[in-house]
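Read the structure below first, then the notes.
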There are 2 protein chains.
Amino acid sequence: MHLNIKEPMTRNAQNTFQGIERAAIRLFYENGYYGTTVADITEAAGVAAGTFYLYFPSKLVLYQHILITLSKDIRSEIARRVKGATTRYEKERLGIKAFIEYARERPEIYNIIWESLHIDRRLFKEYYTSFSERYVKGLDKAAETGEIRPLDTEIVSFILMGITNFVALKVIMDLGSNNHNIDRIVDVVMDLLECGLFEPDRKN
Amino acid sequence: MHLNIKEPMTRNAQNTFQGIERAAIRLFYENGYYGTTVADITEAAGVAAGTFYLYFPSKLVLYQHILITLSKDIRSEIARRVKGATTRYEKERLGIKAFIEYARERPEIYNIIWESLHIDRRLFKEYYTSFSERYVKGLDKAAETGEIRPLDTEIVSFILMGITNFVALKVIMDLGSNNHNIDRIVDVVMDLLECGLFEPDRKN
DNA sequence: TCATAATATGAATGGATATTCACATAGTAT
DNA sequence: ATACTATGTGAATATCCATTCATATTATGA
């Protein structure tokens with residue numbers, strides 16, 4: 001997908017470009033895509049309205065550009081934090097923790113990605129589909145070596161994405177209580193992934 | 001919260017009112033809140049633009065009204081379908097299945113509730129908080145009787161909401177494959193909730 | 001039948017806002 | 001110094017859209 005974005009050529013122009021990007025990320029987060037005007041963005045970036053269109057052909061393209069950039073960011077950051085782990089168990093723990101912490105540190109990303117469902121459905125689907133695909137690859141490997149039980153890994157990938165996304169939601173929107181101790185939350189998730197929810201002798 | 005909605009007094013007016021509601025639900029689903037104009041709604045409902053304001057003081061209030069109505073619908077429907085179950089295990093299975101099937105039958109609801117994050121953050125928080133609270137009550141009871149393992153039920157409620165929401169997302173947006181056999185999907189979820197993800201002897 | 005309230009109309013209003021454009025400046029190579 | 005390109009400006013434009021309002025129709029009870 002080519003977005004027709006004009007890359008800045010000079011150092012000063014790079015500052016302008018990045019200023020627009022950063023202002024937009026903050027404003028899209030605070031007020032949403034529709035609650036943010038191009039004038040808001042240029043004002044926050046300290047440039048004139050027309051400057052915006054030197055680089056981006058439209059507000060929508062800027063949004064798409066930001067979404068794609070942030071998607072890559074979050075993925076590479078999680079990959080980075082998971083790298084050290086040797087077992088699937090440890091990978092899962094680190095991955096879940098990384099996602100929650102990242103979402104807390106940069107709630108913009110979380111929010112902007114979710115909003116894509118209502119702005120550009122194709123990008124939304126692409127994001128979760130490819131996230132799932134990468135997840136499945138890891139889970140399949142772990143299934144081959146017998147680290148995880150033989151389950152449909154595609155479904156499991158959505159289960160795990162759902163868990164991390166909703167637990168992160170709880171933390172960053174402060175729903176309910178006890179949202180400060182992330183390690184404790186991760187412990188509960190891992191406990192459930194280890195032993196399940198039900199008492200072994202009371203399953204039905 | 002009072003929304004200042006004018007209830008219709010006559011039978012004809014009730015038709016008008018419901019026509020507006022229904023058209024709005026469909027359009028908010030298809031094109032989102034911001035992609036839907038009041039003119040779109042009134043045209044789809046077959047009434048004049050001004051008629052809208054006989055009943056709703058603003059487009060936002062209509063949205064809030066719809067959100068609250070649909071929240072109640074989905075909750076009562078799930079409660080209804082879960083009623084028969086005696087064990088927590090069965091309650092969980094029926095609840096998850098009911099949610100996925102309901103989301104598939106009426107994807108409007110699912111979509112409209114999610115969009116509230118970017119339209120009325122308070123309603124969004126309220127929805128998930130109260131959904132969680134009700135969930136916690138059931139889980140706490142099950143913990144008392146020893147049906148489920150002793151875990152932080154508030155965190156577990158978000159884990160379970162995350163699982164059902166994302167699995168439903170997969171089904172209704174047809175992400176990945178095998179989205180037709182809901183029973184099979186529910187089986188995988190219940191299997192994971194029963195036995196966990198990892199092989200017992202390979203946990204780390 | 002008449003009076004009154006409820007319901008319905010759709011053109012007009014006013015404000016917002018994405019985008020354009022004619023013009024201005026800054027940097028750079030020759 | 002000159003010419004050229006990249007960058008920047010902000011007022012003007014044109015469209016869109018929520019909401020209002022003067023007016024019309026319909027239903028109901030006396």
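Treat the numbers as computed from the prediction; the structure is a model and nothing was measured. The basis for the numbers below is simple: all heavy atoms, side chains too, and nothing from hydrogens, waters or symmetry mates. Each chain gets a letter, A, B and so on, in the order its sequence line appears, and its residues count up from 1.
Nearest heavy atom pair, residue B:Leu67 against residue B:Ser116, reads CD2-CB, 3.6 Å.
Residues satisfying the side-chain contact (heavy atoms from CB on, under 4.5 Å) criterion with A:Ala44, sequence neighbours excluded, are A:Ala23, A:Arg26, A:Leu27.
No close placement of the B:Phe158 and B:Tyr135 rings is indicated, their centers lying 6.0 Å or farther apart.
Distances shown here put every side-chain N or O of A:Lys6 at or beyond 4.0 Å from the OP1 or OP2 atom of D:dA6. Between A:Thr16 and D:dT7 there is no side-chain polar atom (N or O) within less than 4.0 angstrom of OP1 or OP2.
Checking A:Leu60, A:Asp120, A:Ile112, A:Leu62 one by one against A:Tyr33, the side-chain contact (heavy atoms from CB on, under 4.5 Å) holds for a single residue, A:Leu60.
In this structure a side-chain-to-backbone donor-acceptor pair under 3.5 Å is missing from A:Thr51 to A:Val47. Counting only distance, with no hydrogens or angles, the side chain of B:Glu147 and the backbone of B:Arg88 share a donor-acceptor pair below 3.5 Å. Proximity of a side-chain donor or acceptor of B:Asp40 to a complementary backbone N or O of B:Thr36 within less than 3.5 Å is not detected.
Place B:Glu7 and A:Thr37 on DNA chain C by their nearest nucleotides, and B:Glu7 ends up nearer the 5' end.
A heavy atom lying under 4.0 Å from DNA chain C marks the following residues of residues 48-64 of chain B, by number: B:Ala48, B:Ala49, B:Gly50, B:Thr51, B:Leu54, B:Tyr55.
Rounded to an integer number of Å, the gap from A:Asn15 CG to D:dG8 C1' is 14 Å. In this entry the distance linking CE of B:Met9 with C1' of D:dT26 reads 15 Å, nearest Å.
Looking at heavy-atom distances under 4.0 Å, B:Thr36 makes contact with sugar-phosphate atoms alone, never a base.
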The contact string for nucleotides 25-30 of chain C, one letter per nucleotide 5' to 3', using protein heavy atoms under 4.0 Å with B, S and - for base, sugar-phosphate only and none, comes out as ------
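The aromatic rings of A:Tyr110 and A:Phe99 sit perpendicular, their planes meeting at an angle over 60°, well past the 30° parallel limit.
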